[in-house]
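These notes are about the structure you will find just below.
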Amino acid sequence: MPRIVAPTDDSLAQAADVLRGGGVVAFPTETVYGLGADTFNTSAIARVYALKGRPADNPLIAHVRGVDDARTLVQSWDDRCDKLAGRFWPGPLTLVLHRASKVPAAAAAGLDTIAVRCPSHPVARQLLERFAAPISAPSANRSGCVSPTQARHVADDFSSIADAADLMILDGGDSEVGIESTVVDLTSARPRILRPGSIGVEQLEEILGTMESPRMESQTISPGTSPLHYAPRTPVELVDTMELKQRMAEPANTSGPLAVLCFSPPFVKPPHKPVGMPRRADQYARRLYDALRRADGFGCSRILIELPPADNALWRAVHDRLRRAAGG
Ligand code: TXA
Ligand code: MG
């Protein structure tokens, strides 16, 4: 069984040793938990792909202590990078840049670019300080599943994976942001959002000027942004409040029990099963993946999700994840 451990001086030193030995460690970040390996160790990187069951063409994000580390991974670090890092690092912003030739291609799924991010979670920072080098890490879920925002989620996903029997999971509590970082492509003169996140286009445009709007990307540009990427096993349907009320008024024998993520749980009567969601965007984002995992665990035929508003950047990023959970 994977081991959930409290982040102490001892366990952090142990985790850094595991990374040095070419092993894999799960650790908390402010967005979601990551499954980390030494960026410069190709067999350690291969182990991450195998454990996750991740397609070989989906590149990883290299996590760094700060700008100095980031510079060592990329061909050129320009003024835009300095400004973005100055404003948003440490934090949930990932920059895609041209990969430095000394960085193994395997750390970026063979692409000539690399994604870099400096996380703000104190445990991630302490681990990076102790390891003193970049840590490549995808979200610490099995490929195609919902990202983990608690140590327990990681343990659940890997409990039946033989090769994860000795996986160490540093427990950093609930991830505060709750959805994955904003990914920005800076490899051309026209920066582009590849994956929306809590740092929105308006904030980025203050630094970068007008950007191309985010959209569902194709596999080749940013593989992890393909539809059906953050999906529970149970089929998901997005409904507005009116439609939800109608569905709840129908006799349950037409649908069987439904799991329902909604703002007013008392609307949902047995045999349907409610999961109450907060009305504030930041709280909603923080709760979302745990709620999807819980709803998945009910074993219902479907998960209905009451659509939240879409009137700010965070809600729009939440909508992006909801659409993906529903299959695009
Ligand atoms: O918040 C996060 O970003 C979390 C935490 C652990 O840092 N990580 C995460 O990693 O979400 P992952 O592997 O689940 O998603 C990384 C995303 C994918 O959509 C991937 O395709 C994209 O970043 N990506 C990584 N490297 C890229 C590159 N060189 N070019 C384009 N997209 C890239
Ligand atoms: Mg992921």
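The shown structure was predicted, so the numbers you read here are calculated from the model rather than taken from an experiment. When a ligand or atom number is given, it counts from 1 through the structure's own listing order.
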**Report entry** Plane angle bin for W315 and Y284 - parallel if under 30°, tilted between 30 and 60°, otherwise perpendicular
**Finding:**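 Judged by the thresholds at 30° and 60°, the geometry between Y284 and W315 is perpendicular.
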
Is [X] salt-bridged to [Y], cutoff N-O under 4.0 Å?
X	Y	answer
D157	R293	yes
D320	R316	no
D166	R47	yes

Heavy-atom pairs closer than 4.0 Å: do any link ligand 1 to the side chain of [X], the backbone, both, or neither?
X	value
A108	neither
R99	neither
H121	neither

Query raised in the report: To the nearest 0.5 Å, what is the distance between CD1 (I305) and CG (L288)?
Result: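 So the gap between those two atoms works out to 6.5 Å.
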
Query raised in the report: Quick one: which of V96, N58, L95, T29 has a heavy atom closest to atom 30 (N) of ligand 1?
Result: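 Shortest heavy-atom distance from atom 30 (N) of ligand 1: V96.
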
Query raised in the report: Considering only heavy atoms, which of H63, E30, H98 lies nearest to atom 7 (O) of ligand 1?
Result: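 Of the listed residues, H63 has the closest heavy atom.
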
When you compare ligand 1 with [X], is there at least one nitrogen or oxygen pair between them that comes in under 3.5 angstrom?
X	answer
K52	no
S181	yes
E180	no

Query raised in the report: Given L95, which of L84, I61, V74 fulfils the side chain to side chain contact (heavy atoms under 4.5 Å, CB included) condition?
Result: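 Option passing the side chain to side chain contact (heavy atoms under 4.5 Å, CB included) with L95: L84.
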
**Report entry** ligand 1 contact by R54, heavy-atom criterion under 4.0 angstrom
**Finding:**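 The answer is yes: ligand 1 sits under 4.0 Å from a heavy atom of R54.
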
Report task. Report yes if some heavy atom in the side chain of H121 is under 4.5 Å from a heavy atom in the side chain of F27; otherwise report no. Result ->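 Of all side-chain heavy-atom pairs linking F27 with H121, none is under 4.5 Å.
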
Query raised in the report: Taking side chain as C-beta onward, heavy atoms only, is D174 less than 4.5 Å from T149?
Result: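 No, every pair of side-chain atoms sits at 4.5 Å or beyond.
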
Query raised in the report: Are any N, O or S atoms from S139 nearer to the Mg ion (ligand 2) than 2.8 Å?
Result: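 Short answer: yes, at least one N, O or S atom is under the cut-off.
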
Please list, in number order, the atoms of ligand 1 under 4.0 Å from a heavy atom of [X].
X	answer
T31	1 (O), 2 (C), 4 (C), 5 (C)
L194	31 (C), 32 (N)
L111	28 (C), 29 (N), 30 (N)
P59	20 (C), 21 (O), 24 (N), 25 (C), 26 (N), 27 (C), 28 (C), 33 (C)
I61	3 (O), 8 (N), 9 (C), 10 (O), 16 (C)
P138	10 (O), 12 (P), 13 (O)
T113	28 (C), 29 (N), 30 (N)

Query - CD (E176) with more than 12 external heavy atoms under 6.0 Å - result: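 It does not: E176 CD has 12 such atoms or fewer within range.
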
**Report entry** Partner of Y289 by side-chain hydrogen bond (donor to acceptor under 3.5 Å, both in side chains), out of E180, H153, R294, Q150
**Finding:**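 The single option meeting the side-chain hydrogen bond (donor to acceptor under 3.5 Å, both in side chains) with Y289 is E180.
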
Requested in this report: With side chain to side chain donor-acceptor pair (under 3.5 Å) as the test, would you mind laying out the steps for T8 and D10 before giving the verdict?
Outcome: CA-CA 5 Å; T8 59; D10 277 358; 5.5 Å; no

